[in-house]
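Presented below is the structure to which this report refers.
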Amino acid sequence: MLTTKLLATPLLVTGLAFAQADPAENDPIKTLVARLDLQKYKATIRGLTKFGDRRQGTDRNRAALDWIEAQLKTYGCTNTERLHYEYNPPPPGGRGRGGRGGRGANGGVIRGERGLVGVNEDPDLQPDTRIRELNRQPSAPGPREEVFCTKIGTTHPEEMYIVAGHFDGIGWGEAANDDGSGTALVMEIARVLSSPDVTSERSIRFALWNNEETGTNGARAYIDQRKDLQGKEDPPGSGKYPEPKWLGMIQHDMMLFDHGMPRKDGTVSEHQRAEADVNIEFQSRSKFAAQAAELAWAFLAANEKYATDFPAVVGPHMSNTDSGPFQDLVPAISLREMERISQIGGGWDPTHHQPTDVYSHFSDGDFRLGLNATQTTLGAVSQLVGVKLK
Ligand SMILES: [Zn+2]
């Protein structure tokens, strides 16, 4: 019996062919991915945290936006544009604790031990006086802005992928993880792809949304204002496409923390777990589910090829982020530290919307997971847009 089983196994071994070395040793994408760097990624997150929690509708949020735009320009992504919209919220009702439910509209099931979830609204829970005072100004309704810049394709300027994160935060911390980590990822990829020796066949837009934390209002404003402009040459005959056709939307939201399930007492390990991974999620109930899944698998393959430390996994329950409003218009995915519903929703990240979401709370093991997500997206997008290196 044993012998029979052993003889039956070679069929499975053929899968190993995938792991063999690429014959194209001088892969230009490998060279680009090597231009990412843990210290640079950390420095960009550090820069963002200087503006505290960057809550929408405050001076610190507007100052952060100015800084992000200035950085993008120094990277060579000089064609920055601002999107203007109004945000006038309904009176505050408070969100309180959540995540206790079973199956939500977006699927996903929470199993096992749980931690607390919710949004901290109490300034006194921030022990650092400097950070507490930095976050003191309340949000005011009114005009809002967000920023994007675009690498224009050489042969297909009329089509693009959107690579995005949200720069606003909440919770009386520094929004280091949520979503300084995703904002820095987008900025780092903009830096690498804006290098003068890089060209791409298709366009790539680097977008930093505002008002994610109030219900993805910034991403929705972008869709409202620009979805009907897609693929239109303006002025006619100019070769310019102010809104290239959307080929895909890739959101990055909370990239650092994957410490495992809470213990029985609700506490969570202090250390990044050795099995940490990048969670690529699409929404199986969306109009573009099949194409979004295909996009997710392309990202998983890019992770295997280009990421240095951590693997990726694909899941079907993308939720609660700026890719949501896009999911019925275009293939949309999100990259995260954990699954949004089953894990973050179960309280696996105790820094989520809490005063502990500060730069000093995270270690290199955490930042390295974010760097691996950056390598994954840079590798995947470079393949999708046809990047070339001079
Ligand atoms: Zn977020």
Side-chain angles (χ1 to χ4, degrees), residues 44-45 48-49 51-58 60-61 64-65 68 87 95 98-99 104 106 108 117-121 135 139 144 146-147 162-187 207-222 249-258 278-281 283 315 317-327 332-359 361-362 366-367 369-370 373-374 377:
T44 308
I45 296 175
L48 289 160
T49 60
F51 304 96
D53 68 4
R54 307 183 298 283
R55 185 183 283 253
Q56 55 78 33
T58 64
R60 60 190 182 279
N61 174 278
L65 185 61
I68 292 166
Y87 179 65
R95 294 207 234 170
N106 285 335
V117 294
V119 179
N120 173 54
E121 298 289 0
N135 289 333
S139 173
R144 298 284 185 273
E146 53 199 13
V147 71
I162 303 173
V163 175
H166 71 87
F167 76 95
D168 68 310
I170 47 174
W172 292 87
E174 292 177 329
N177 188 28
D178 186 10
D179 186 26
S181 64
T183 299
L185 177 155
V186 174
M187 292 170 70
L208 285 318
W209 314 121
N210 204 347
N211 276 93
E212 192 275 342
E213 298 292 4
T214 52
T216 64
N217 308 87
R220 289 171 198 276
Y222 178 92
M249 156 65 185
I250 303 115
Q251 173 75 2
H252 305 83
D253 195 355
M254 304 172 70
M255 313 311 298
L256 304 183
F257 191 95
D258 191 359
V278 177
N279 289 81
I280 304 163
E281 296 183 283
Q283 180 43 256
H317 304 308
M318 183 182 81
S319 188
N320 295 69
T321 196
D322 293 304
S323 41
F326 285 89
Q327 70 185 23
I333 60 173
S334 72
L335 273 69
R336 289 189 184 270
E337 61 195 12
M338 299 192 259
E339 291 199 345
R340 176 61 184 86
I341 294 179
S342 67
Q343 300 177 341
I344 297 174
W348 292 29
D349 183 346
T351 73
H352 188 205
H353 298 157
Q354 296 300 313
T356 46
D357 188 359
V358 292
Y359 181 81
H361 188 82
F362 299 96
D366 301 320
F367 291 119
L369 182 64
T374 315
T377 292

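Indexing begins at 1, ligand by ligand and atom by atom, following the structure's order.
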>> Would you say that T377 contacts V186 through its side chain, given a criterion of any heavy-atom pair below 4.5 Å between the two side chains?
In response: no
>> Going by side chain to side chain contact (heavy atoms under 4.5 Å, CB included), N106 matches just one of Q283, E281, R340. Which one?
In response: Q283
> Of all the atoms in D253, is at least one N, O or S atom closer to the Zn ion (ligand 1) than 2.8 Å?
Replying inline: yes
> How long is the gap from CH2 on W209 to OG1 on T321, to the nearest 0.5 Å?
Replying inline: 10.5 Å
> Parallel, tilted or perpendicular: which describes the rings of Y222 and F326, with under 30° parallel and over 60° perpendicular?
Replying inline: tilted
>> What do you get for the angle at the Zn ion (ligand 1) between OD1 on D178 and NE2 on H166, to the nearest 10 degrees?
In response: 90°
>> Any N/O/S atom from D179 (main chain or side chain) under 2.8 Å of the Zn ion (ligand 1)?
In response: no
